[in-house]
Amino acid sequence: AQSVTQPDIHITVSEGASLELRCNYSYGATPYLFWYVQSPGQGLQLLLKYFSGDTLVQGIKGFEAEFKRSQSSFNLRKPSVHWSDAAEYFCAPSFSGGYNKLIFGAGTRLAVHP
Amino acid sequence: DTAVSQTPKYLVTQMGNDKSIKCEQNLGHDTMYWYKQDSKKFLKIMFSYNNKELIINETVPNRFSPKSPDKAHLNLHINSLELGDSAVYFCASSQGGSGGPPDTQYFGPGTRLTVL
């Protein structure tokens with residue numbers, strides 16, 4: 001069965017600290033992988049995506065993610081978190097590839113302490 | 001210019017009513033989507049249209065009916081509203097929709113529906 005898991009529902013970090021948000025998927029092949037961010041009261045914005053090639057991808061706002069096939073993971077990282085990064089983060093694989101169907105994880109809510 | 005817009009932003013209504021949410025995109029995209037986000041932030045696709053043709057139709061009650069008058073618009077009509085329909089509904093669009101790697105989906109700001 002195709003599924004995605006974001007194990008951390010809520011993460012709190014201090015401003016300036018590093019961040020890693022976890023994402024694991026279950027699928028017989030490599031899906032297309034996306035990370036989206038949702039700021040409070042807003043729609044979703046694409047942070048980055050992975051289709052193939054270099055397994056470390058760079059995104060907007062200083063975020064990066066690393067695809068690890070052996071672990072079926074696509075974790076999101078940022079070396080130094082800013083207060084404005086407080087938001088909900090969604091990992092979203094696309095398994096079919098044919099109809100752009102995204103399967104969203106449950107999301108990780110990030111809180112940033114000053 | 002707003003890329004993907006939705007109206008209304010907030011919708012409060014009584015159980016049993018019929019309501020519509022409108023979505024428009026000015027990105028020239030071929031594909032549009034409706035998602036439902038529940039109170040726990042869980043986001044699930046409902047429908048997708050590519051060039052006015054329905055291509056994704058998830059397990060959604062038939063009280064929900066999408067309509068795409070042209071490829072820039074995708075409206076969502078809901079009949080006989082129920083308490084469980086309360087959620088935030090997001091519209092999105094993307095360039096492609098069938099074949100090849102998926103294109104980035106651009107989301108609207110959402111419509112918060114509250115059914116009393």
Verify the cluster assignment for [X] and [Y]: are they in a single hydrophobic cluster under the rule of side-chain heavy atoms below 4.5 Å apart?
X	Y	value
B/L74	B/F90	no
A/L33	A/V4	yes
B/L116	B/L113	no

Considering residues, nucleotides and ligands other than [X], do more than 12 of their heavy atoms fall under 6.0 Å from its [atom1]?
X	atom1	answer
B/K71	NZ	yes
A/H113	NE2	no
B/Y89	OH	yes
A/E15	CD	yes

Task: B/F107 and its ring-ring contact (aromatic ring centres under 6.0 Å, His included) partner, picked from A/F34, A/Y36, A/F90 - done: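 Exactly one option meets the ring-ring contact (aromatic ring centres under 6.0 Å, His included) with B/F107, and it is A/Y36.
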Open item on the list: Shorter than 4.5 Å, heavy atoms on both sides: which option in B/Q37, B/Q6, B/K9 has the most such pairs with chain A?
Closed with: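 Among the listed options, the one with the most contacts to chain A is B/Q37.
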Structural part of [X] lying under 4.5 Å from a heavy atom of chain B:
X	answer
A/E88	side chain
A/Q38	side chain
A/L46	side chain

Open item on the list: Could you check whether B/S48 and A/K101, counting side-chain N and O atoms only, form a donor-acceptor pair closer than 3.5 Å?
Closed with: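 B/S48 and A/K101 do not have a side-chain donor-acceptor pair below 3.5 Å.
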Task: Non-hydrogen side-chain atoms of A/L102 and B/Y33 separated by less than 4.5 Å - done: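 Heavy-atom side-chain distance check fails, nothing below 4.5 Å.
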TODO: Check B/Y35 against A/F104 and note the closest heavy-atom contact, atom names and distance.
DONE: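 Distance-wise, the nearest heavy atoms are CE2-CE1, 3.6 Å.
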Task: Point-to-point distance, once rounded to the nearest 0.5 Å, from NZ of B/K41 to CD1 of A/I9 - done: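 If we round to the nearest 0.5 Å, B/K41:NZ and A/I9:CD1 are 14.0 Å apart.
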